[in-house]
Amino acid sequence: MVVSKNKQPKIRVLFSYISSRKLPILISIFYFVIVLVLLLNRFWQYEVFYYDHGYAERAAYQVSHLQNPTWDRDGRVSIFTDHVYPSLLLLFAPFYWIWDSYLTPVVILAVLWAAIPLIAYEIGFALKINKFMLYSLMFAFLFFIGTQNAIIFFLKDISVSIPFFLLLLLAILKRKIKLYYLLLLLNLGFKETITVTIISLGIGLILFYDRSFRKHAVATIIISVVYGLFISRIFVPFVIFKSYGHLQSYGFNPDFIPNPLYYLYNLFNTPQKRETIIASLSAFGFLPLFTPFGFLLMLQDFAQRFVLIQANSPLRQGLNLHYNISLAAIMFFGSALTVSKFQTKKFYKKLIYIQAVLIIIGVIIMHRFIYHGPFGLLYNKDFFKITSNMKFMDDFVNKIPKNGKIMTQNNLAVRFTHNDLYILSSKTYVEQIQPDVIAMDFRPGQNINNYWPMTTEKMVALARDLKENPNYESQYSEEFRYIFIKK
């Protein structure tokens with residue numbers, strides 16, 4: 001094949017880049033493999049749920065078919081009554097044109113996760129930090145318990161945004177201004193609460209970064225504030241009104257109280273909050289504390305979760321949820337900034353390798369012995385046995401008719417998001433929707449998320465009522481698994 005002269009330089013540049021990035025690329029490939037294997041097996045084991053993966057996946061699928069994205073939450077309403085993430089929808093939708101499968105987003109997710117180590121390396125390279133410490137911080141980022149737990153939540157807006165948030169930071173370091181503004185808009189479109197992070201980024205750029213970037217920092221703050229106000233004060237209330245027929249305040253508006261002690265108290269007032277702060281800082285050798293820019297970004301992340309939004313909710317405080325992935329990215333960036341400043345100091349030149357080793361050891365201890373991270377499943381042979389033993393569930397799902405209104409529970413629903421799906425949430429909802437198909441599985445010993453918001457008792461009572469309902473007949477019946485068809 002003859003390569004034109006104008007293409008040769010680009011090809012040479014590409015090969016030169018690959019040659020100079022062999023180890024980061026190998027790390028990315030390795031990470032892609034372990035993430036994909038973990039997610040595929042969790043999917044095949046029915047350990048993925050409509051709340052939250054399924055409804056986002058369904059919305060992206062609907063956008064790919066030029067349909068209005070909706071979800072089922074006490075009725076079929078706009079997906080934007082919950083969160084606003086057009087960037088996620090537009091990113092994933094085109095891939096259904098290539099491969100129309102429930103596994104499509106799983107593979108794309110693995111690709112996005114695999115991009116993180118390569119982008120993280122470029123950030124460290126741009127800051128010219130010690131290579132051994134850079135790889136240590138990358139290890140901390142990739143195997144931090146918060147990162148691992150975010151991965152098994154599958155398709156989450158905040159998780160999908162992380163590669164693009166890192167690219168935004170890289171664009172700042174490399175002064176790629178046009179790319180910066182494109183990535184700025186893209187990041188805002190992943191979730192409305194990201195506006196707080198981006199505003200904090202703008203403030204940090206004004207206070208702690210190069211003066212020549214200040215006009216872009218001011219523009220960043222203005223764009224973020226305008227977007228945030230539009231989404232929270234106009235767009236979401238309008239969508240809620242159109243969906244439910246009444247006005248309702250947006251549930252994720254920050255709580256602003258004119259009392260500084262309130263914020264300080266709520267930042268540390270529960271053992272779970274204190275554990276999250278200490279464990280997160282420990283994973284990165286407490287390095288983010290020593291750079292004002294990184295500290296500001298870290299503080300706003302804790303403030304969002306612990307103080308500003310639902311301060312008393314334990315659902316946002318722990319290390320077991322996906323919220324920690326944005327913190328991991330911020331911790332990595334803050335640590336890299338600290339190292340770039342400290343590594344020129346005589347005292348730190350002697351300590352840098354010791355600290356890098358301690359960071360790696362600390363992350364391994366937290367993963368293996370304290371929090372037992374999800375990656376541990378990959379070296380547990382019983383994990384793969386569970387997958388091979390799930391044929392009985394595949395056979396059950398294959399018996400469920402795909403026509404008409406289908407109502408089923410949280411973990412089974414992800415196999416029907418491309419159909420006319422409704423979530424099995426109550427007897428009243430069954431009576432309201434009058435589905436053509438009802439499928440339920442309430443075998444003992446299951447993850448309670450499998451049929452949330454239902455309970456075992458409610459499932460048993462509903463199955464008993466449906467058996468006696470003259471409008472339905474049983475197509476499949478076991479002691480704990482049923483498929484009912486509308487007559």
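By convention here, the first residue in the shown sequence is residue 1.
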To the nearest 0.5 Å, atom CG of N269 lies from atom OH of Y262 at 9.0 Å
Is there a donor-acceptor contact under 3.5 Å linking the side chains of T81 and W71? yes
Below 6.0 angstrom between ring centroids: does that apply to H65 and Y96? no
Does the ring centre of F144 sit less than 6.0 Å away from the ring centre of H367? no
When rounded to the nearest 0.5 Å, the distance separating CG of D465 from NZ of K427 is 4.0 Å
Side chains of I330 and P288 in contact at under 4.5 Å (non-hydrogen atoms): no
Check whether any side-chain heavy atom of T276 lies under 4.5 Å from a side-chain heavy atom of R305, and answer yes or no. yes
Should D301 and S326 be marked as a side chain to side chain donor-acceptor pair (under 3.5 Å) after you check the CA-CA gap, both sets of side-chain angles, and the distance that decides it? CA-CA 8 Å; D301 191 272; S326 57; 2.9 Å; yes
Start with the C-alpha gap between K156 and D52, add the side-chain angles, then the distance that decides, and say whether salt bridge (charged side-chain N to carboxylate O under 4.0 Å, His left out) holds. CA-CA 7 Å; K156 287 297 299 179; D52 294 328; 2.9 Å; yes
Could you check L155 against F92 for side chain to side chain contact (heavy atoms under 4.5 Å, CB included), going step by step and ending with a plain yes or no? CA-CA 10 Å; L155 187 57; F92 279 79; 3.5 Å; yes
Kindly say whether A439 contributes a backbone atom to a donor-acceptor pair with the side chain of T408 at under 3.5 angstrom? yes
With D420, the salt bridge (charged side-chain N to carboxylate O under 4.0 Å, His left out) member among R58, K405, R76: R76
Salt-bridge contact D82-R73 (side-chain N to carboxylate O under 4.0 Å): no
Trace of the side chain to side chain contact (heavy atoms under 4.5 Å, CB included) decision for K273 with L267: CA-CA 7 Å; K273 290 178 181 179; L267 199 59; over 6 Å; no
d(T387 OG1, L40 CG) to nearest 0.5 Å is 9.5 Å
Please round to the nearest 0.5 Å and tell me the distance separating atom CZ of F396 and atom CZ of R481. 5.5 Å
To the nearest 0.5 Å, tell me how far S159 OG sits from I325 CD1. 6.0 Å
Qualifying residue for side-chain hydrogen bond (donor to acceptor under 3.5 Å, both in side chains) with H418, from E57, K402, Q62: E57
Would D395 and Y476 count as having a side-chain donor-acceptor pair, cut-off 3.5 Å? no
Ring centroids only, cut at 6.0 angstrom: are F375 and F143 within range, meaning strictly under it? yes
Do L297 and F333 have side-chain heavy atoms sitting under 4.5 Å apart? yes
Does L321 offer a backbone N or O that forms a donor-acceptor pair with the side chain of N324 under 3.5 Å? yes
Do we see a donor-acceptor contact under 3.5 Å between the side chains of Y482 and D441? no
Between E431 and S426, is the side chain to side chain donor-acceptor pair (under 3.5 Å) condition met? List the steps. CA-CA 9 Å; E431 294 171 347; S426 68; over 6 Å; no
Tell me whether the centres of the aromatic rings in H216 and Y180 are closer together than 6.0 Å. no
Supply the atom-to-atom distance F43 CZ to N41 CG, rounded to the nearest 0.5 angstrom. 12.0 Å
Is any side-chain heavy atom of F284 closer than 4.5 Å to one of V363? no
After noting the C-alpha distance and the side-chain angles of E192 and S232, does the key distance pass the side chain to side chain donor-acceptor pair (under 3.5 Å) rule? CA-CA 8 Å; E192 66 289 340; S232 62; over 6 Å; no
Quick one, D394 with Y46, criterion side chain to side chain donor-acceptor pair (under 3.5 Å). Give me CA distance, side-chain angles, the key distance, then yes/no. CA-CA 9 Å; D394 294 335; Y46 294 84; 2.7 Å; yes
Is any side-chain heavy atom of I234 less than 4.5 Å from a side-chain heavy atom of L229? no
For residues 453-462, please give each side-chain donor-acceptor pair under 3.5 Å, one per line with the distance, not counting sequence neighbours.
residue: T455; atom: OG1; partner: K458; partner atom: N; Å: 3.2
residue: T456; atom: OG1; partner: Y451; partner atom: OH; Å: 2.6

Regarding N450 and R443, do their side chains bring together a donor and an acceptor under 3.5 Å, going by distance alone? no
Ring centers of F141, F332 separated by less than 6.0 Å: yes
CZ (F383) with more than 12 external heavy atoms under 6.0 Å: yes
Sub-6.0 Å ring centroid separation between F32 and W113: no
